[in-house]
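Below, read A as the first sequence line, B as the second, and so on, with proteins coming before strands; counting in each chain starts at 1.
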Amino acid sequence: MTITETMTHRPVRPADRSAEKAAAKLRRAARARTGAIAYHTAGAAIVLFFIAPFVIAGLSSFRNATEGQTAPLPPWPRAGFSVDSYRTLDTFGAGIWQHTVNSALVSLSTVVLTVVVSLLAGYGFSRYRFPFKNTLFVLIIATLMIPFQSILTPLFIILAKLGLNNSLFGLTLVYVTLQLPFSVFMMRNAFDAVPKEIEEAARIDGARDLRLLVRVLLPLVLPGAATVAIFAFLNAWNEFLAALVLLSSNEHYTLPVLMMAVRAGRLGAINWGAVQAGVVVMTVPCLFVFLLLQRYYMRGLMAGAVK
Amino acid sequence: MNMMAREMIHSGSDVTATSVELVDVRKSFGAVEVIHGIDLTIPEGSFVVFVGPSGCGKSTLLRMIAGLEEVTDGLIAIKGREVTDLDPSERGIAMVFQSYALYPHMTVRDNLAFGLKMARTPAEEIAARVASAAGILKIEHLLDRRPGQLSGGQRQRVAIGRAIVRKPDVFLFDEPLSNLDAELRVSMRIEIARLHRELGNTMIYVTHDQTEAMTLADRIVVLRDGRIEQVGSPREIYQDPDNLFVAGFIGSPRMNMLSGAMEEEGHVRVAGQTLPAPVSAPQGETVTLGIRPEHLRVAGAGENGLPAQVDFSEYLGGTQYLYCTLSDGQAITAEHRAPGAIAAGTLVQLAWDVGEARLFDSQGRRLR
Ligand SMILES: Nc1ncnc2c1ncn2[C@@H]1O[C@H](COP(=O)(O)OP(=O)(O)OP(=O)(O)O)[C@@H](O)[C@H]1O
Ligand SMILES: [Mg+2]
């Protein structure tokens, strides 16, 4: 077609170009197919890569007692599925149930306390004007730079003075303290992103104080709160050093401390089955929490990135 | 001061005609006073528009009436009841924000119902009021959507609906249309005027768009730097401005302000010409002669006028604006309705009826 033809707007009969159009359609379809294959292959490879550790730990925890004495190679039960490893795990410490409850108690309390305190603190830092506000905020953030191992001894002494050493509540307080700087920072950002007018509209509508916070603001900062909750849970659930130092009696140990004992083995022999079972017990709640909150979590971390 | 001011507030019964009353209202942010003693009485059922340049305190004043901003000094009464220290929800007001400020996590229905739920209104009444407000604003089909799924115009309707369901004594609007595009703005403006006719409530409306002010208002309050410059009907404000600021702020293109001096009885000297003055003032006094572009005309043959050189002209179809310079260098804009083109560089005589001119003294006050 020449330029003059285009310029005069002479209608082109559809038959003229239908073959060309069909060929183009085929080409596009082929390209889309190649793209889809590449996309799904890469996706499957990545999924495999990430899921492998869970599968290996899961399968090898179901080997029977004799297999459990040997290193998990190959990492699947050859003599049928068995829960022997979990039974063995239960013979360590005060029983796996007790330690799981300890860990769950400490982690959930840490989550609740951290979320409540950082919600209120974040709201205060975001909305109120008071002297030295920014100095105070920077100071709180600055504590993130202190390696917490360096304050473990002072913390131990303080807790001892308060009569809270070797107690799960004392440990919870330590975890909350460690968790707060990041959480307050996160929640302040979340509240900063909520337009002031929404709060004012709610005040005109008669929502005040706690009702304002719960009914109007909390849903708007939920992604931030979920992020704070996930971090608080994972950090408290997995924390080892402080738990080891601050807890002294067997029945108070949290799962990571118990796992240390399992990993050390008895009489020089490591029960690999028990180790793998412990890994599974420790992993499942983390997976569960993460899957539960992940859609808020993604939004929380990306808040403000796209408008 | 407060005792006296308190007595100045009309008691509820005797003046049912008064809806909102401000008595010497002041506001400081830290050490800076931004509202300097506003006295204002707003009659029941009127549509009052606050206009003024950016930063003059329109929003601050409105937010003080709403109770969102604390009053530093002075009193506010709504329907004869002093509300200066009352919570926003207890003042009988509802507010529509520029940014809509809808609750993003609630459906439109819940947005409308939220205030009523907070006030523990019975469920049947909530449903009835929401339905009626949705009917008035024609948003029934949107009730189950969330604000994120609405267009700007629909969101603004919901925001207005949220105000309506509260059945307030006074509606407060803070630049409600400035986030909308030009076409939608016009239709929403007409909608708000209709709403005012139908509901009959007092409405206070903040804008810096003078078209909105002129078309919506019963009374315009012109503010500058935290003070009231003039209160009046759109007609009064336009035709009878109290001072140079009001004269210049309302009207587009702006009123021409020609500086001159008074001459012998009833005449003013401008750009080397002696012209009849609209009012007399002592001889020799420096004055400003204000004349709107639409009142200027290109004088015909033999008619006297002010000689002006056309710098350039703007053709708008129905009319054209001539941007001219007088012999002493002052700029003057004239509207020319005749169809013929006037080339740049042409020397024209600009004439006007003396009754259309306004005279201001050297302080900018109107001479009457
Ligand atoms: N929270 C605040 N802190 C300090 N100064 C403020 C605050 N809010 C408003 N001001 C000042 O008060 C003055 C009036 O502000 P206001 O928002 O009422 O202006 P406005 O007339 O609504 O302007 P615009 O047309 O731009 O909305 C401005 O000088 C502003 O800087
Ligand atoms: Mg404003």
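- Within a 6.0 Å sphere centred on CD1 of Ile51(A), other residues, nucleotides and ligands contribute 12 heavy atoms or fewer.
- Against chain B, no residue from residues 280-288 of chain A qualifies, as none has a non-hydrogen atom under 4.5 angstrom away.
- Here the shortest heavy-atom pairing between Ile198(A) and Leu102(B) reads CD1-O, 3.5 Å.
- Shown here is Phe290(A), whose CZ atom has more than 12 heavy atoms of other residues, nucleotides or ligands within 6.0 Å.
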Listing needed: what donor-acceptor pairs below 3.5 Å join chain A with chain B?
unit_1: Glu200(A); atom_1: OE1; unit_2: Arg63(B); atom_2: NH1; d: 2.8
unit_1: Glu200(A); atom_1: OE2; unit_2: Arg63(B); atom_2: NH1; d: 3.0
unit_1: Glu200(A); atom_1: OE2; unit_2: Arg63(B); atom_2: NH2; d: 2.7
unit_1: Ala201(A); atom_1: O; unit_2: Tyr103(B); atom_2: OH; d: 3.4
unit_1: Ala202(A); atom_1: N; unit_2: Tyr103(B); atom_2: OH; d: 3.3
unit_1: Ile204(A); atom_1: O; unit_2: Arg166(B); atom_2: NH1; d: 3.0
unit_1: Ile204(A); atom_1: O; unit_2: Arg166(B); atom_2: NH2; d: 3.0
unit_1: Asp205(A); atom_1: OD2; unit_2: Tyr103(B); atom_2: OH; d: 2.7
unit_1: Arg211(A); atom_1: NH2; unit_2: Met118(B); atom_2: O; d: 3.4
unit_1: Arg215(A); atom_1: O; unit_2: His105(B); atom_2: NE2; d: 3.1

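- To the nearest 0.5 Å, the span separating CG on Leu212(A) from CE on Met118(B) amounts to 9.0 Å.
- Within 6.0 Å of the CZ atom in Phe130(A), the count of heavy atoms belonging to other residues, nucleotides or ligands exceeds 12.
- The number of heavy-atom neighbours closer than 6.0 Å to OH of Tyr123(A), taken from other residues, nucleotides and ligands shown, is above 12.
- Counting heavy-atom neighbours within 6.0 Å of Phe240(A) CZ, excluding the residue itself, gives a total above 12.
- The two residues Ala101(B) and Ala201(A) have their closest heavy-atom pair at O-CB, 3.9 Å.
- The greatest number of non-hydrogen atom pairs below 4.5 Å with chain A, out of Ala94(B), Pro168(B), Ala66(B), Pro104(B), is found for Pro104(B).
- There is no contact between Ala159(B) and chain A, counting heavy-atom distances below 4.5 Å.
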